[in-house]
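Below you'll find the structure, written out as structure tokens, and then a few comments.
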Amino acid sequence: MNAAEKACTIELAAKIASTVTLFKQLFPDAKADLRPWLNDPDTNQLVDPDSIDLSFSFPGINRQIPSRAILVQIRFSGTSMIGVEIAGYSHQGKQWSFSTVADWQVHGIQLPPIGFEHKIKQFGRDLFELF
């Protein structure tokens with residue numbers, strides 16, 4: 001579910017804002033979008049109501065950042081965070097994905113550089129501390 005719609009309490013709104021800050025500390029050029037999903041009936045059928053979803057986009061072309069957009073889905077079971085799913089997209093579609101629910105490895109057709117991968121994994125660890 002879009003992060004903007006999940007921010008229904010001050011505590012959760014603060015954690016969502018902290019999520020953006022944590023990401024921007026690792027990737028200062030990123031621009032956050034708290035509404036990555038369209039609000040239409042077809043999209044709403046696919047959205048997980050137990051997740052907080054946000055995306056980040058990067059301006060221009062940067063070889064150190066293999067994706068123009070990154071989707072972050074923070075997954076919950078009840079009030080407990082169970083993991084984070086992160087996927088990188090380019091104009092050619094989904095390039096790679098990372099999950100703390102599975103094996104903490106990056107998989108895909110166009111893997112990011114190792115330094116970028118380390119930052120994504122750090123972001124996952126940071127989110128576990130935050131939530």
All salt bridge (Lys or Arg N to Asp or Glu O under 4.0 Å) counterparts of Lys121, not counting sequence neighbours
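Testing Lys121 for salt bridge (Lys or Arg N to Asp or Glu O under 4.0 Å), a comparison that skips the adjacent residues, returns Glu117.
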Over 12 foreign heavy atoms within 6.0 Å of CD1, Ile109:
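Atom CD1 in Ile109 is crowded, with more than 12 foreign heavy atoms closer than 6.0 Å.
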Flag if over 12 foreign heavy atoms under 6.0 Å of NZ, Lys24:
yes
Of Arg125, Lys119, His118, which is the lone residue that meets side-chain hydrogen bond (donor to acceptor under 3.5 Å, both in side chains) with Gln122?
Arg125
Hydrophobic clustering (ILVMFWY, side-chain heavy atoms < 4.5 Å, transitive) - are Leu26 and Val20 grouped together?
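In one cluster with Val20: Leu26, yes.
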If hydrophobic clusters are built by linking Ile, Leu, Val, Met, Phe, Trp and Tyr wherever their side-chain heavy atoms come under 4.5 Å apart, do Leu71 and Val101 end up in the same one?
no
Do Ser99 and Glu85 pair up side chain to side chain, a donor and an acceptor below 3.5 Å, judged on atom types alone?
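Ser99 vs Glu85: donor-acceptor pair found between side chains.
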Classify the side-chain pair Ser90/Gln95 by whether it contains a donor and acceptor separated by less than 3.5 Å.
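Result is yes, a qualifying pair exists.
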Under a 3.5 Å distance rule, please check whether [X] uses its side chain to pair with a backbone N or O of [Y] as donor and acceptor.
{"X": "Asn2", "Y": "Ala4", "result": "no"}
{"X": "Asp50", "Y": "Ser77", "result": "no"}
{"X": "Asp33", "Y": "Phe56", "result": "no"}
{"X": "Ser80", "Y": "Phe76", "result": "no"}
{"X": "Ser55", "Y": "Ile70", "result": "no"}
{"X": "Lys6", "Y": "Leu12", "result": "no"}

Could you tell me which residues satisfy side chain to side chain contact (heavy atoms under 4.5 Å, CB included) with Leu130, sequence neighbours excluded, listed by chain and number?
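Scan of Leu130 (side chain to side chain contact (heavy atoms under 4.5 Å, CB included), adjacent residues dropped) gives Lys15, Ser18, Thr19, Leu22, Leu127.
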From CA spacing to verdict: side-chain contact (heavy atoms from CB on, under 4.5 Å), Arg75, Val84:
CA-CA 6 Å; Arg75 304 253 182 219; Val84 181; over 6 Å; no
Working to the nearest 0.5 angstrom, can you tell me the gap between [X] [atom1] and [Y] [atom2]?
{"X": "Gln110", "Y": "Lys94", "atom1": "CD", "atom2": "NZ", "result": "15.0 Å"}
{"X": "Met1", "Y": "Ile74", "atom1": "CE", "atom2": "CD1", "result": "14.0 Å"}
{"X": "Ser67", "Y": "Gln92", "atom1": "OG", "atom2": "CD", "result": "11.0 Å"}

Working note: Phe116 + Trp96, criterion ring pair (Phe, Tyr, Trp, His ring centres under 6.0 Å); need CA distance, chi angles, decisive distance, verdict.
CA-CA 12 Å; Phe116 186 90; Trp96 58 269; 5.8 Å; yes
State yes or no: are the ring centers of Phe123 and Phe23 separated by less than 6.0 Å?
yes
Might you point out which heavy atoms bring Asp29 and Phe58 nearest each other, and give the distance in Å?
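Closest approach of Asp29 to Phe58: C-CD2, 4.4 Å.
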Is there a side-chain contact between Ile86 and Thr100 in this structure, where contact means two heavy atoms from C-beta onward sitting under 4.5 Å apart?
no
With the side chain counted from C-beta on, respond yes when Ile120 and Pro112 share a heavy-atom pair under 4.5 Å apart, and no when they do not.
no
Would you please test Ile82 and Phe131 for side-chain contact (heavy atoms from CB on, under 4.5 Å) and show each step?
CA-CA 10 Å; Ile82 58 172; Phe131 285 93; over 6 Å; no
